[in-house]
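Note that the numbering runs from 1 along the sequence shown for the chain. Because the structure is a prediction, the values reported are computed rather than measured.
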Amino acid sequence: MRIKPSLVHMIATLISKWGFARLFAECTDKINFDPYKHSQSIDERSFEQLVSRFEQYLQKTDNVQGFKSYGLLVHDNNETVARKHTQLMRNFYKSGTLWTRIERIIETPLFVNSKLTSLVQVADLCAYALRRYLENDESELFDLIYHRGDQYKGKTVGIRHFASSTCACKICEKH
């Protein structure tokens, strides 16, 4: 008897075939994050990592004919997070992040209701796949979406797992 794949599995399979799509994610193991060592909260640090990686992706995808790549961050709407990330983004425009200046990301994040925007739901599915893999070692969905993570010189640079130095997950192996 053949079991039909779930809707989530079917969508992850579709995502896996989107050659144009790039996945950016920061997965932080809270046990290994020392707030006294970092001057930022986990949320702020993760957002800075994500913004930096996306900016660097946009810079490296410039066209050989001189056309620059620009992008926009779209975020699930949450009033508290919206204020915080808008302010962080304004600071990044002024001073850059720890890793790069922000020149290609247009404006502050656009905050939308995920119930109304299917691509935010797709991002939620990717986050779900990453979380299930890292927390429960469930790799079925993860294996479908992981290769959509931005790659550079054979390394996955779009997805990072902030964990102990002994972590042997697929993300840490390929980063």
Side-chain angles (χ1 to χ4, degrees), residues 8 11-28 33 38-131 133-134 141-142 144-162 171 174-175:
V8 170
I11 294 169
T13 300
L14 287 173
I15 293 166
S16 76
K17 297 174 184 176
W18 289 350
F20 58 86
R22 295 296 172 268
L23 178 60
F24 296 90
E26 176 72 5
C27 309
T28 303
F33 187 85
H38 305 283
S39 61
Q40 300 165 305
S41 69
I42 290 175
D43 175 55
E44 292 167 339
R45 181 92 167 176
S46 297
F47 186 63
E48 182 177 31
Q49 284 278 343
L50 197 67
V51 166
S52 297
R53 281 197 216 99
F54 184 48
E55 174 70 27
Q56 290 167 344
Y57 167 77
L58 292 169
Q59 290 174 10
K60 76 179 181 189
T61 57
D62 281 349
N63 187 306
V64 292
Q65 297 157 330
F67 294 106
K68 291 184 177 183
S69 297
Y70 293 92
L72 177 68
L73 298 170
V74 180
H75 203 304
D76 193 3
N77 196 21
N78 172 311
E79 197 172 313
T80 304
V81 173
R83 277 195 298 271
K84 186 184 221 180
H85 285 190
T86 297
Q87 187 56 52
L88 280 169
M89 201 66 199
R90 286 180 181 148
N91 292 342
F92 296 156
Y93 282 123
K94 259 193 277 181
S95 307
T97 68
L98 183 59
W99 298 275
T100 189
R101 295 209 43 81
I102 304 302
E103 298 172 346
R104 308 295 172 82
I105 298 174
I106 301 167
E107 195 46 70
T108 59
L110 172 64
F111 294 90
V112 298
N113 183 333
S114 64
K115 292 176 185 173
L116 303 174
T117 310
S118 59
L119 283 179
V120 174
Q121 293 175 10
V122 167
D124 285 344
L125 185 145
C126 292
Y128 173 78
L130 290 166
R131 185 174 189 156
Y133 170 69
L134 292 170
L141 294 175
F142 172 83
L144 289 169
I145 60 104
Y146 178 65
H147 71 279
R148 293 281 41 103
D150 185 41
Q151 310 267 322
Y152 185 69
K153 295 184 179 181
K155 291 187 175 195
T156 301
V157 296
I159 303 171
R160 185 177 86 131
H161 182 210
F162 183 89
I171 299 169
K174 295 254 186 188
H175 189 72

Euclidean distance, Gln87 CD relative to Phe92 CZ, rounded to 0.5 Å: 10.5 Å
Nearest-0.5 Å distance that lies between atom CG in Leu88 and atom CZ in Arg83: 13.0 Å
Under 3.5 Å: donor-acceptor pair, side chain of Glu44, backbone of Ser41: yes
Main-chain N/O of Arg22 paired to Arg148 side chain as donor or acceptor, under 3.5 Å: no
Pairs meeting criterion ring pair (Phe, Tyr, Trp, His ring centres under 6.0 Å) with involvement of residues 41-63, two or more places apart: Phe24-Phe54, Phe24-Tyr57, Phe47-His85
Qualifying residues under side-chain contact (heavy atoms from CB on, under 4.5 Å), relative to Leu14, sequence neighbours excluded: none
Verdict with supporting geometry, Val122 and Trp18, side chain to side chain contact (heavy atoms under 4.5 Å, CB included): CA-CA 12 Å; Val122 167; Trp18 289 350; 4.0 Å; yes
From Arg131 atom CZ to Leu141 atom CG, the distance as rounded to the nearest 0.5 Å: 14.5 Å
Reported CD-to-CG distance for the pair Glu48 and Leu50, which is rounded to 0.5 angstrom: 11.0 Å
Worked verdict on Leu134 versus Phe142 for side chain to side chain contact (heavy atoms under 4.5 Å, CB included): CA-CA 9 Å; Leu134 292 170; Phe142 172 83; over 6 Å; no
Any Gln151 side-chain heavy atom under 4.5 Å of Val157 side chain: no
ring-ring contact (aromatic ring centres under 6.0 Å, His included) involving Tyr70 - partner list, sequence neighbours excluded: none
Those residues that, when tested against Tyr133, pass side chain to side chain donor-acceptor pair (under 3.5 Å) (two or more places apart): none
Pairing residues for Thr117 by the side chain to side chain donor-acceptor pair (under 3.5 Å) criterion, not counting sequence neighbours: none
Scan the side chains in residues 96-105 for donor-acceptor partners under 3.5 Å anywhere in the protein, sequence neighbours excluded, and list what turns up.
{"unit_1": "Thr97", "atom_1": "OG1", "unit_2": "Ser52", "atom_2": "OG", "d": "2.8"}
{"unit_1": "Thr97", "atom_1": "OG1", "unit_2": "Trp99", "atom_2": "N", "d": "3.1"}
{"unit_1": "Thr97", "atom_1": "OG1", "unit_2": "Thr100", "atom_2": "N", "d": "3.1"}
{"unit_1": "Thr97", "atom_1": "OG1", "unit_2": "Thr100", "atom_2": "O", "d": "3.2"}
{"unit_1": "Arg104", "atom_1": "NH1", "unit_2": "Asp62", "atom_2": "OD1", "d": "2.7"}
{"unit_1": "Arg104", "atom_1": "NH1", "unit_2": "Asp62", "atom_2": "OD2", "d": "2.9"}
{"unit_1": "Arg104", "atom_1": "NH2", "unit_2": "Asp62", "atom_2": "OD2", "d": "3.2"}

Separation between CG of Leu23 and CD1 of Ile15, rounded to the nearest 0.5 Å: 8.5 Å
Between Arg53 and Gln49, a side-chain donor and acceptor under 3.5 Å: yes
Note, Leu130 side chain near Ile159 side chain (heavy atom, < 4.5 Å): yes
Show me the donor-acceptor pairs, under 3.5 Å and distance only, between side chains in residues 106-115 and residues at least two apart or in other chains.
{"unit_1": "Asn113", "atom_1": "OD1", "unit_2": "Lys115", "atom_2": "N", "d": "2.8"}
{"unit_1": "Ser114", "atom_1": "OG", "unit_2": "Asp76", "atom_2": "OD1", "d": "3.4"}

Partner set under salt bridge (Lys or Arg N to Asp or Glu O under 4.0 Å) for Lys84, not counting sequence neighbours: Asp43
Neighbour count above 12 (heavy atom, 6.0 Å) for Tyr152 OH: no
Thr28 backbone acceptor or donor facing His161 side chain under 3.5 Å: no
Under the side chain to side chain donor-acceptor pair (under 3.5 Å) test, residues paired with Thr13 that sit two or more places apart: none
Results of side chain to side chain donor-acceptor pair (under 3.5 Å) for Arg90 - residues two or more places apart only: none
For Lys60, salt bridge (Lys or Arg N to Asp or Glu O under 4.0 Å) partners two or more places apart: Asp150
Salt bridge (Lys or Arg N to Asp or Glu O under 4.0 Å) involving Arg160 - partner list, sequence neighbours excluded: Glu26
